[in-house]
Chemist: 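Take a look at the following structure, please.
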Amino acid sequence: MRRVEINWFRVLVESVKRLNPFYLVRTSPIMFIVELGAFFELPLVFTPSRYLSAWFYIAVFVILVLTVWFSTFSESLSEHEAKARVDYLRQFEKIIIAHKIVGEKIVEVKSSELKPGDYVIVRQNEVIPQDGFVSDGEAFVDESMLTGESEPVLKRKGDRVISGTRVVAGEIVVEIAAEPGKSYLDKMIALISTAKRGKMRSEVMLSMLLLGLSMIFLIVVAALYFVMGAFGNYPDPSLMISLLVALMPTTIGGLLPAIGISGVLRLAEHNVIAKSGKAVEAAGDVDAVIFDKTGTITEGVRSAVEFIPLGNYSERDVAVAAYLSAIGDSTHEGKSIIELAEEKGYRPSQLLIDEAMVASRIEYTPSRRYGGIVFSWGKGKGRSVFGEVKLAPLSRVEKELLVLRELGGEARIVKGAPDAIMKLLNIESDPVIDNIVKRVGSRGDTPMLVAFNENLVGFVVLRDRLKKGIREKIQELKLMGIKTIMITGDNPYTAESIAREAGIEDFYAQAKPEDKLLLVEREKKNGHVVAVMGDGTNDAPALAKADVGVAMHTGTRPAKEAANMIDLDSNPARIVDIIKLGRSILTTRGALTTFSIMNDIAKYFTILPFVISTVFPQAGFLNFLNLYNTVTAVLATMIFNAIIIPMLVPLAVKGAGFKVSTYKKLLARNLLVYGLTGAIIPFIAIKLLDTAVAWAIYGVVHW
Amino acid sequence: MIQVVIVYWLTIFVTVAVLARVLSRLIKLIAVDWNTNPPRALGKMFEFLERLGLDTSVRKSFKEYAKDLLFFNILLIVVDTVLLAKQSLFFNGPDLPWDLAFNTAVSFVTNTNLQHYAGELALTNMAQSVVIGTTMFIAPASGIAVSFAFLRALKGVPAGNYYRDLVMIIGLLLLPLSLVSALILAALGVPQSFREWVLVENPYTGSFTIRLGPIASFEAIKLLGSNGGGFFGSNSAHPFENPSGLTSFIESVLMLLIPTSLLFTYGEIVGKKRGLSLFAIAYLTAFIIILISILDGLPPLANLIEPRLGYSATLVFNTASILSNTGATASSLLGMKPSAVTSLLLSMFLQAIPGADGVGLLYLLTYLFIVVFIGSLMVGKTPRFINIPISVRIVKLSTVVFLLHPALILIPTSIALLLREYTSFSSVLNPQVYTMVLYEFTSAAANNGSSYLGSLGNTFFWNVSTAIVMLLGRYLPIILFLLIAEDIYKAKRSMVEEPVETQGILFVVFSIVMILILTTLTFFPFLVIGPMMMGG
């Protein structure tokens, strides 16, 4: 991850501008009250008392303003960082260069700058930059990404063409009909600004609770003021303001905007574009994920995983025969056979490999359904090679091949679909073979029969292997209490075996493309919050219907349009990271709220004793921290209250309190970590600050 | 001594738990099954009411339910006020001044039973039975009715019908229970008579009169219905209301019985383990309060305490009474030690451990919504309670419920202190007097009814101010509860794992810590200035 440049000066200016009370009252009511409190300090400067000098009020004023500024600074900083990060993503967005016709000339412009009514010329192998109609010319256009139909479509004057499709042959002039879709990144940038960002549901609830708590403390402090007054000694208003600020949940209140932005920031760090803030929250709530099998769970291509010998042949024979027949085969299957054989140490002798390189090949075709290799050695060339190869023990197939080579003759090795090979060799059905075919098939694997001349050597078992790391990701989802569902066009046996191997709970086999939508609907009906990934146009309805739809950047435009997030890296397993991120934004809020509430316990033992003991000296026991005097106690508490905000900014932005774990463990852990530290830290910090302040002001070392 | 008190408490807890467990099934039957499928006799009764012109449909909305409740309660307040203010017309007793009549009517209809009069002097037996007695059935029945509507919402069923609920709760729950309790109490020496004043001839001191009346039956509903308004001014300290240690034990159990049963009824509806967890939350918190109450020690005898009962039994009775928000007292509160007063105040600040009939459960559930909300955030999920998503509205309304209580206590207390010259019953202000004022409004806001003031509070200011606080403290939360219930009823349910499991040890501990901290944070300074300074 590249670090982004931060313009500190601009952050500073921006954060100072946000001290504007009219801005605060909309975005952060708690900070608004703190600022209001700060301004109430100012008139008090002119009424110093014997205990509290004008400097005291000025100090409290400064600390309170700093408290607010720390909050706006954290907000500005994360906004700035998020914007820089999203801008950095722009380089990933495909920019199509269009050839716009301006009068007689043709000008190169970005597709995003096209307006309806513009004319562009699209030549062979170029992409239609924006939706529109053909106004001149004829061309074959490849619309396979939209329709799945691989045959190019002829477009004539008046026909509609869709952006993102490609001209295969011909040249057309297109009249642009659609506004340029707002870039997704522009939508994401709109999410960053605190003022414009639609608040998430949990954020609204939390703000409400925090505001409620602040109101309670406002009543408490006001009542305390009047009670003390009734007892004949109205406390200094400054003490009451300080007590109120100390009790209000300023820590979480000050960090809420920064946490809100951090969601967008952290998505951008994962190279994911979010089109709405709600999607980020919904991501944390996802409890059912629908995976495509091919390309997400499995690699999408078949690889050799096992050799099964037949008759008198050994596993080594199968490997060697398959290896030789796969030489020069550029398909993934062929390569994987060679890899597997090498891995198992069954490399044929170099001589045969060299021979195979020049041997003639039988190409695999869909109609033939087998492929292979034919060695033809003329007679009597006297290729005695026994000297060379006797070092290595030879397999039966190799020996036979070398003998044939010695004697001169033809050797053919073929591999392919069992029935095709049987037919080729004119062998009637054989129970042993049928058994293996059935057994391998029922596991979801594909058997491939290998024959050497007229003899069956054995099977190569092919399997669509699981992607690396996918099992671990699915395990994580399970631990987080998320249901995993796999959708595949395969038969139920194959689907089941892959689901079991990957650890997926549920699968939907023999699915047609439109079944994905049905599946999303079914899970939603069961009350699940559903996430789904997709790239094709077929996926668009499911992406739109799901609570969280993640489109691959390589996907079609309708898919990206329908989704609420786009993964620029086109990694379908990214959904797991997105879910974790959504959860971690909420845990950050929860952890800091608990921390903030627990902080309050300490604050009753710092300022309150000095308020009450003016009338009730017996209440001195509350000051068990032995703080020096009113001035130091208030300043220490206020300083703690202020600096805890910037100290927690890294936690707020990077996320706190999330681990892949069960709900119970996570709750217990966060309660212990944030609840306990929240209760203890302020006692220690305020005591230390008090000592420091007492030393600074009075020059005494008071402990 | 402390061990004895704890064992005594545990005996009460176990007795209450066992009885409540049994009673909870009957309550569930009434709340859920008979709501839509009443047995034949009950159905006939409802048909009769229907014919009288009462709408007895059970598919009323929560707002209509609230409207019915408010209408009926306001009507009752008006009728009671008039009957008491014109007692001479109806019951051949002295007329109460209008402000006292209003205060008394509000006090009984809101299930508070704050008494600014002495019952034996101010009211005749007829007035006690007709006005006070009837109201003492209707008030708790209204609270229980609200909890029924709420429990139905949790089940996904419409609110039901307030009047039907009232009939069922009084007829099938309160009356039979009161009958049995009254018989037991009468057998143990509580008088039950229609004679009013009895002349006692005593050759040594001269003859004097004592007051009699239907005390046993009055006592039964006073305790079962979290009412707490005594037949006599000295309440359960009076030997006719609470003659012996045994009656003191039984009365303590009766006070806690219905609120505790409702915790288990909740369990019957949403899962037994959840009910048990709720019980654990309420009673473990109560136990913490009890430990606080005995911090200042337990003298065998103390000033202003009935020697017949002793300090410990009196303390247990008073604490049980305040925990259940009944408000009956077995002594003057002036005789209680500061730690005991602190614990009484704390339990009124909470008003949910287990709290009054019906609403106690709802306060507890409201706290739990906030707890579950914070807990859900801590595990990174949007909040969900059992199978119901906690909406923005539920959090908002619950926060208001939470905010309302300190507002209703602290604002009037401050006003009373500022207007001290006009309102005070005492010319000096010291922690004791402050505690009395704080206690008075706390008791009114929590609809508890116990009081330091008693007849001293019979001034215009106290009568009106506490009446307003009682009204707001009763009906605002009830309206909010029903609005929350409406949201819960409409919520889209799903069988997804709850982010914060609403049962089990972790949930119980988490809830107790959060509830105690949030409440203590709010009231701590006032406990310091009030009861904690009273000793020194």
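Every chain is numbered from 1, with letters handed out A, B, ... down the list of sequences.
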Chemist: Only pairs of heavy atoms separated by less than 4.5 Å count here; which of Pro431(B), Ser398(B), Gly375(B) has the most with chain A?
Modeler: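 Winner by heavy-atom pair count: Pro431(B).
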
Chemist: Measure distances from Val611(A) to the heavy atoms of chain B and classify the residue's part below 4.5 Å as side chain, backbone, both or neither.
Modeler: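 The answer is neither part of Val611(A).
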
Chemist: Under a 4.5 Å cut-off applied to non-hydrogen side-chain atoms, are Tyr663(A) and Ser376(B) in contact?
Modeler: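 The answer is no; the side chains never approach within 4.5 Å.
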
Chemist: Is there a side-chain contact between Ile597(A) and Leu521(B) in this structure, where contact means two heavy atoms from C-beta onward sitting under 4.5 Å apart?
Modeler: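 Yes. Closest side-chain heavy atoms under 4.5 Å.
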
Chemist: Please look at Phe217(A) and chain B and tell me whether the side chain, the backbone, both or neither of the residue comes under 4.5 angstrom of a heavy atom of that chain.
Modeler: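 Side chain only.
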
Chemist: Does Lys545(A) have more than 12 heavy atoms from other residues, nucleotides or ligands lying within 6.0 Å of its NZ?
Modeler: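 No, NZ of Lys545(A) has 12 or fewer neighbouring heavy atoms, counting only those of other groups under 6.0 Å.
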
Chemist: Non-hydrogen atoms of chain A under 4.5 Å away: do they reach the side chain of Val528(B), the backbone, both or neither?
Modeler: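 Contact with chain A: side chain only.
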
Chemist: With chain B as the partner, which of Val204(A), Asp600(A), Val220(A), Ile219(A) has the greatest number of non-hydrogen pairs under 4.5 Å?
Modeler: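 Winner by heavy-atom pair count: Val220(A).
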
Chemist: Top residue by heavy-atom pair count (under 4.5 Å) with chain A, among Thr382(B), Leu410(B), Val395(B)?
Modeler: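 Highest number of pairs under 4.5 Å: Thr382(B).
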
Chemist: Answer with side chain, backbone, both or neither: which region of Leu418(B) has an atom nearer than 4.5 Å to a non-hydrogen atom of chain A?
Modeler: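 For Leu418(B), the contact with chain A is made by the side chain alone.
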
Chemist: Donor-acceptor check, side chain of Asn670(A) to backbone of Met378(B), threshold 3.5 angstrom: yes or no?
Modeler: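 Yes: the side chain of Asn670(A) pairs with the backbone of Met378(B).
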
Chemist: Which heavy atom in Ile612(A) sits nearest to a heavy atom in Pro525(B), and how many Å separate them?
Modeler: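 For Ile612(A) and Pro525(B), the tightest heavy-atom pair comes out as CD1-O, 4.2 Å.
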
Chemist: Please determine whether the number of non-hydrogen atoms from other residues, nucleotides or ligands lying under 6.0 Å from atom NZ of Lys524(A) exceeds 12.
Modeler: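 Correct, the count exceeds 12.
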
Chemist: Is any side-chain heavy atom of Met228(A) less than 4.5 Å from a side-chain heavy atom of Ile529(B)?
Modeler: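 Sidechains of Ile529(B) and Met228(A): in contact.
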
Chemist: Say you draw a straight line from CG of Leu377(B) to CE of Met205(A); how long is it, rounded to the nearest 0.5 Å?
Modeler: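 The distance works out to 8.0 Å.
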
Chemist: Is any residue of residues 366-374 of chain B within less than 4.5 Å of chain A by heavy atoms, and which ones?
Modeler: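 The stretch touches chain A at Ile370(B), Phe373(B), Ile374(B).
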
Chemist: I need the Phe507(B) CZ to Leu667(A) CG distance, nearest 0.5 Å.
Modeler: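 Separation between the atoms: 10.0 Å.
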
Chemist: Could you look at Asn430(B) and say if it's the side chain, the backbone, both or neither that has a heavy atom under 4.5 Å from chain A?
Modeler: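 Only the backbone of Asn430(B) comes within 4.5 Å of chain A.
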
Chemist: Please list all pairs passing the side chain to side chain donor-acceptor pair (under 3.5 Å) test where one or both residues lie in residues 505-528 of chain B, with sequence neighbours left out.
Modeler: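 Qualifying pairs: none.
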
Chemist: Taking Phe524(B)'s backbone N and O only, do any of them form a donor-acceptor pair with Tyr604(A)'s side chain (distance below 3.5 Å, no angle check)?
Modeler: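 No.
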
Chemist: Could you look at Val400(B) and say if it's the side chain, the backbone, both or neither that has a heavy atom under 4.5 Å from chain A?
Modeler: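 Neither part; nothing is under 4.5 Å.
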
Chemist: Checking heavy atoms, do the side chain of Leu518(B), its backbone, both or neither come under 4.5 Å from chain A?
Modeler: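 Interface part for Leu518(B): side chain.
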
Chemist: Atom CD1 of residue position Ile505(B) - does it have more than 12 heavy atoms of other residues, nucleotides or ligands inside 6.0 Å?
Modeler: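 Open: at most 12 neighbouring heavy atoms sit under 6.0 Å from CD1 of Ile505(B).
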
Chemist: A side-chain contact here means heavy atoms from C-beta on lying under 4.5 Å apart; do Ser414(B) and Tyr225(A) qualify?
Modeler: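 Ser414(B) does not reach Tyr225(A) side chain to side chain.
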
Chemist: Between Ala230(A), Gly675(A), Gly212(A), which residue shows the highest count of heavy-atom pairs closer than 4.5 Å to chain B?
Modeler: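 Result: the option with the highest number of such pairs is Ala230(A).
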
Chemist: Please examine the side chains of Phe226(A) and Leu417(B), heavy atoms only from C-beta on, and report whether any two atoms are closer than 4.5 Å.
Modeler: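 Counting from C-beta outward, Leu417(B) and Phe226(A) never come under 4.5 Å.
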
Chemist: What part of Leu211(A) gets within 4.5 angstrom of chain B, counting heavy atoms only: side chain, backbone, both, or neither?
Modeler: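 No part of it gets close to chain B.
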
Chemist: Given a strict heavy-atom distance threshold of 4.5 Å, which part of Leu622(A) is in contact with chain B: side chain, backbone, both, or neither?
Modeler: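 Just the side chain, heavy atoms under 4.5 Å.
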
Chemist: With a 4.5 angstrom heavy-atom cut-off, could you sort out which part of Phe595(A) is near chain B: side chain, backbone, both or neither?
Modeler: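 For Phe595(A), neither part sits under 4.5 Å from chain B.
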
Chemist: More than 12 heavy atoms of other residues, nucleotides or ligands under 6.0 Å from NZ of Lys396(B): is that the case?
Modeler: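 Count not over threshold, so no.
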
Chemist: Would you compute the distance between atom OG of Ser202(A) and atom CD1 of Ile390(B) and round it to the nearest 0.5 angstrom?
Modeler: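 Ser202(A) atom OG to Ile390(B) atom CD1 measures 12.0 Å (nearest 0.5 Å).
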
Chemist: Among Thr593(A), Thr662(A), Thr587(A), single out the residue with the greatest number of heavy-atom pairs under 4.5 Å to chain B.
Modeler: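 Of Thr593(A), Thr662(A), Thr587(A), Thr587(A) has the most heavy-atom pairs under 4.5 Å with chain B.
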
Chemist: Under a 4.5 Å heavy-atom cut-off, does chain A meet the side chain of Thr413(B), its backbone, both or neither?
Modeler: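 No part of it gets close to chain A.
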
Chemist: Between Asn387(B), Val500(B), Thr399(B), Leu403(B), who has the most heavy-atom pairs with chain A when the cutoff is under 4.5 Å?
Modeler: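 If we count pairs closer than 4.5 Å to chain A, Leu403(B) comes out on top.
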
Chemist: Look at the side chain of Lys381(B) and the backbone N and O of Arg583(A), then say whether any donor-acceptor pair between them is shorter than 3.5 Å.
Modeler: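 Side chain of Lys381(B) to backbone of Arg583(A), a donor-acceptor pair under 3.5 Å: no, none is there.
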
Chemist: Met598(A) versus chain B, heavy atoms under 4.5 Å apart: side chain, backbone, both or neither?
Modeler: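 Contact with chain B involves the side chain of Met598(A) alone.
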
Chemist: Does any backbone or side-chain atom of Val379(B) lie under 4.5 Å from a heavy atom of chain A? Answer side chain, backbone, both or neither.
Modeler: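 Both backbone and side chain.
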
Chemist: To the closest 0.5 Å, what do you measure between NZ (Lys664(A)) and CG (Leu506(B))?
Modeler: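 Reported to 0.5 Å precision, the distance equals 7.0 Å.
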
Chemist: For Glu497(B), is it the side chain, the backbone, both or neither that has a heavy atom under 4.5 Å from a heavy atom of chain A?
Modeler: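 For Glu497(B), heavy atoms of backbone and side chain both lie under 4.5 Å from chain A.
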
